[in-house]
Every structure is written in C-alpha cells, then in structure tokens.
Enquirer: 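First, the structure itself, so that you have it in front of you.
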Protein chains: 2
Amino acid sequence: MSRPKEFIPDEAIEKALQVFWHKGYEATSMEDLLTAMDLNRGSLYDTFGDKRQLFLKVIDRYCHGFVGEKFSLLDQPGPALPTLRLFIRGMIEGGLADPQRRGCLIANTVMELSPHEKEIAGTLRQVLKMAEDTFFRVLARAKQQGELKKDKDPRALARFLTTMLQGTIVMIKAGAPADAVNQTAETALSILD
Amino acid sequence: MSRPKEFIPDEAIEKALQVFWHKGYEATSMEDLLTAMDLNRGSLYDTFGDKRQLFLKVIDRYCHGFVGEKFSLLDQPGPALPTLRLFIRGMIEGGLADPQRRGCLIANTVMELSPHEKEIAGTLRQVLKMAEDTFFRVLARAKQQGELKKDKDPRALARFLTTMLQGTIVMIKAGAPADAVNQTAETALSILD
DNA sequence: TCCATAGTGGAACGATCGGTCAAGTATAAA
DNA sequence: TTTATACTTGACCGATCGTTCCACTATGGA
C-alpha cells in the first residue's frame, strides 16, 4: 500500500451528484466539480476518470441510492394501493419542497442527453422500465388483494403513473404552483378508484 | 435604402429553431447556427443579436407558430371532447413520428434552463399556462354541451392533461415504445369518460 | 455616376472548456 | 531508514466557446 486518499470517494461522488443535479451535464464544468468535491484535478481524473465517466457513476449512485431505496418500499407486503398513493404523494411533495426545484436527475438527463448519448439513454430507459415494473407489481398485488377493480389493467396503469410522474417533474421545474401540482396528482390518482 | 439582406430572417430563425430543438441551448454552438442558418457571423449578430437573444426569438417563433397554431384548433366551435381527444392523440403521434425524438422545445427548455434563466422560465410558464387555459376552455365548453359529466372539474382536468402531455414528451425522449406511449395516452384520456 | 448605407466574410479576441503531465509529498511495507 | 507506491498540486495543453471588429462588397437613391 501507499499514501491513502485524503477524501472519501463516496462523499465526493455525492457532492458531484448535487452539482450535476443542479446544473445539468453540459453546464457543469470540471471547475465546478473540483470546487464542490473539494479535490484537485489529478485526484479527480485518477479516481473517477473523465467528466463522462464521473457522470455515469453519479447516475448509478442516484439510481441505486436515491431512487432504488424509495421504490423498494413499494415491494413490501401489506396494503398495496394506500402505499402506492403515499409513495406518489411523497415523491411530489419532495419535489415541491426543494427550493431549487431541481426535479429528478433521471428526467433531467433524459431530456438533456438522451438524443445524443445512446449509452446513457439506454441506462435511463432501463431505470424508467424498472419504475414501471415496480408500479406494475404493486398494482398487480393490489388487484390480487381486491384493492383494485377487476377491470383495471395493471400494466397500463403502471405506465400511466410513470409518465405522470415525469410530467409532474416538468411542471415542478417549470415553477407551477404547489396547489396546482397537488391537485393534478390527486386527479391522476383518482384513476385508481 | 441600401444593400438588401441575402437571406430571409424568418427562414433563418426557422433553421436556428431546428438546431436548438435538436441539440438544446448549451450544446448548440454559434458555429452550428452559422452553418445551419447559412450566414456569416456579422450578419447573425447584426440581425439577431447574441446567442441568447436569438434563442428568445426562436422560443417566440415556436410558441406562436408551431404551438399556438395547433392549440387554436381547440377553440373552434363544434363538438369539444372529440376534438380534444384528436388533439392529444395528434400531438403524441407527431412526437412519436419524429425519428429524432426531439420532444417539445418548450419542455426541453424548461428542463434545461428554467432553474437558471428566470426570464425564459417566466415565458415558458406563461406558455404552459396558456395551454392549460386552452384545455380549460374546451373542457368547460364540453361540460356545458353535456359532453363531460357534471361531476368533472374542468380546471383540474386541464392541469392534468397539461402535465400528462409533458410526461409523455419525457417518455418519448427516453425512447419508450410507441405502443406503450399510446396505451398511456388512452389511459389518461379515459379520465374524461 | 457617385455616395451613403448596410450586408458579407473572415481574422482575431479573451475566456473557458476538458484533459494531461511532471514535480513534489506523504504513507505503508520492508 | 529506505523504498516503492500513489495521492496532491498547479502549471499548462490545444480546442472551442461566444463575441467583436474591420476591410470589403453590393445595392438603392440622389
């Protein structure tokens, strides 16, 4: 072994995540990252590779940490539909509570990079599919448990909720009033009745 | 008078629109614009100002031309709800038909610039409000004409449709399969029944 | 025909971009 | 204590960014 790092890679990634989340990929400069992560160029390039590789690590962290953690709540046994409603409301409440209205890093990145970055686009598509599939499981369970009417289509509803969530993020970033966003969420959720 | 322009400003703006729509604001360089618009630096700066001013003109053109034109169809007399359904399906069909999946310039710009460009953000918020208000008018008319059930709330539904459209744009840019997007649109429209 | 006007074309600006590199330094193992 | 290893630091790279500026050219009116 040799001289140990003076920073904790995980914490540095987290700092980078905050910057990318706030400013987007292109608008974030290496200078921004160096400042926020509080390390020097050499350390950054040696440890994380170039800007693009760092961003991939950030995306990975965001998906597995931030998002995956919350979505895993949906797969727990118990009443399905109330949990789903709480989840949706919680996500939106969280988005509205952010004073910077940064929205969701996944949606932000889809909009900024998907047309030109096929690899990243593929990753993001998988994440959105994962979200849809999680919604599908909880809806199928709700149907099985008699919480959801028999004529409802879990797959269609799962897709609907995924799309709805993305739309809400756009509206939040556009600066829509909180009460309008909440009303829209309730309107969307009414489709589960 | 003096020497006339060798280009048509309106056509040049249209070319710039295509580039910004495809690549976004930051990722579009003046070089890209000069090439696409087929004019030289001097002419561009003299006629349209700097990059930001040009972008504002592009946004304006997109809103009044592209979007305003289509939304104006909703205010015509006659059956309201079928027209609204056709409109929504048409918008989504159009988005799916674009091989580049560029989505909507307004949504793209909201996601890229809203947090940092307050002036542009304000403009875009107005445009989204205009969309919501147009949906509201057609829904209120539908209710008045007995096409929409009495217990439906036109304002809530208008907001819902606006949000839904934005979400669909995200999914289209994310590369979602056409049939999934269409199914989601039908699920969303079923809320009008 | 001549001139004022304005468009054209391209060189050049400073700033910033992402990325590289080598010299210096601190650490753990031998 | 020595040595191999790898982190730190900051100067520096070429490329590209948006923008300015000026010599040149073409046009319509006097």
Side-chain angles (χ1 to χ4, degrees), chain A residues 1-60 108-109 112-113 115-120, chain B residues 1-60 108-109 112-113 115-120:
Chain A
M1 288 298 291
S2 64
R3 180 177 176 184
K5 288 184 200 299
E6 290 184 4
F7 62 94
I8 304 164
D10 235 38
E11 288 184 1
I13 290 271
E14 177 63 31
K15 300 275 183 62
L17 191 155
Q18 297 300 328
V19 181
F20 277 128
W21 195 357
H22 179 58
K23 306 189 70 172
Y25 180 77
E26 294 283 0
T28 297
S29 66
M30 294 305 288
E31 205 63 39
D32 293 332
L33 293 168
L34 293 173
T35 303
M37 298 167 82
D38 193 28
L39 44 81
N40 50 68
R41 288 186 127 72
S43 301
L44 197 158
Y45 279 93
D46 282 352
T47 311
F48 304 106
D50 61 15
K51 187 185 179 185
R52 185 192 154 85
Q53 290 173 357
L54 173 60
F55 187 68
L56 289 173
K57 289 184 174 69
V58 161
I59 290 286
D60 189 70
N108 296 358
T109 309
E112 184 184 357
L113 300 181
H116 308 95
E117 294 278 353
K118 297 302 171 191
E119 182 191 354
I120 296 180
Chain B
M1 288 298 291
S2 65
R3 181 177 174 182
K5 291 185 199 297
E6 290 185 5
F7 62 94
I8 304 163
D10 235 38
E11 287 184 2
I13 289 272
E14 179 61 31
K15 299 275 184 61
L17 191 156
Q18 298 299 328
V19 181
F20 278 127
W21 194 358
H22 179 58
K23 305 189 72 172
Y25 180 77
E26 294 284 359
T28 296
S29 67
M30 294 305 289
E31 205 63 40
D32 293 331
L33 293 168
L34 292 173
T35 304
M37 299 167 81
D38 193 29
L39 43 81
N40 51 68
R41 292 185 127 71
S43 300
L44 197 160
Y45 278 93
D46 283 352
T47 311
F48 304 107
D50 60 16
K51 186 184 179 186
R52 185 194 154 83
Q53 290 174 6
L54 173 60
F55 186 68
L56 288 173
K57 289 185 174 68
V58 162
I59 290 285
D60 189 71
N108 296 358
T109 308
E112 184 184 357
L113 299 181
H116 308 95
E117 294 277 353
K118 298 302 171 190
E119 182 191 353
I120 295 179

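Only this structure's heavy atoms are used, side chains among them; waters, hydrogens and symmetry mates stay out. Residue numbers start from 1 in every chain, and the chains themselves are labelled A, B, ... in the order their sequence lines are given, proteins ahead of strands.
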Enquirer: Heavy-atom nearest nucleotide on DNA chain D for B:Lys51 versus A:Gly42: which residue maps closer to 5'?
Expert: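 Result of the comparison: A:Gly42.
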Enquirer: Between C:dG19, C:dA11, C:dG7, which nucleotide has the shortest distance from any of its atoms to the side chain of A:Met30?
Expert: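 Minimum distance to the A:Met30 side chain belongs to C:dG19.
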Enquirer: Would you mind telling me which of D:dT19, C:dG18, D:dT8 lies closest to the side-chain atoms of A:Arg41?
Expert: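 Nucleotide nearest to A:Arg41's side chain: C:dG18.
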Enquirer: Check B:Asp32 against B:Ala27 and note the closest heavy-atom contact, atom names and distance.
Expert: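 Minimum heavy-atom contact is OD2-O, 3.8 Å.
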Enquirer: Do B:Ser43 and B:Asp46 get their side chains close enough for a donor-acceptor pair, meaning under 3.5 Å?
Expert: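 Per modelled atom types, B:Ser43 and B:Asp46 side chains form no pair under 3.5 Å.
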Enquirer: Whether B:Lys23 and A:Glu112 form a salt bridge (side-chain N of Lys/Arg under 4.0 Å from carboxylate O of Asp/Glu) is what I want to check.
Expert: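 Salt bridge: no.
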Enquirer: Which nucleotide in the set C:dC17, D:dT20, C:dG19 lies at the smallest distance from any side-chain heavy atom of A:Asp50?
Expert: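 Nearest to the side chain of A:Asp50 among the choices is C:dG19.
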Enquirer: Side chain of B:Tyr45, heavy atoms from C-beta onward: which of C:dC17, D:dT19, D:dC17 has the nearest atom to it?
Expert: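 Minimum distance to the B:Tyr45 side chain belongs to D:dT19.
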Enquirer: Respond yes when some side-chain nitrogen or oxygen of B:Ser43 is under 4.0 Å from OP1 or OP2 of C:dT8, and no when none is.
Expert: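 For B:Ser43, the contact criterion (side-chain N or O under 4.0 Å from OP1 or OP2 of C:dT8) is met.
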Enquirer: Measure across B:Lys51 and B:Thr28 and return the closest heavy-atom pair with its distance rounded to 0.1 Å.
Expert: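 Scanning both residues completely, I find the closest heavy atoms to be NZ-O, 2.7 Å.
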Enquirer: What's the CD-P distance between B:Gln53 and D:dG18, to the nearest Å?
Expert: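 My rounded result for the distance is 15 Å.
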Enquirer: Find the distance B:Phe48:CZ to D:dT20:P and express it as a whole number of Å.
Expert: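 Result: 16 Å.
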Enquirer: Find the distance B:Asp46:CG to D:dC22:P and express it as a whole number of Å.
Expert: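 For the pair B:Asp46 CG and D:dC22 P, the rounded distance is 13 Å.
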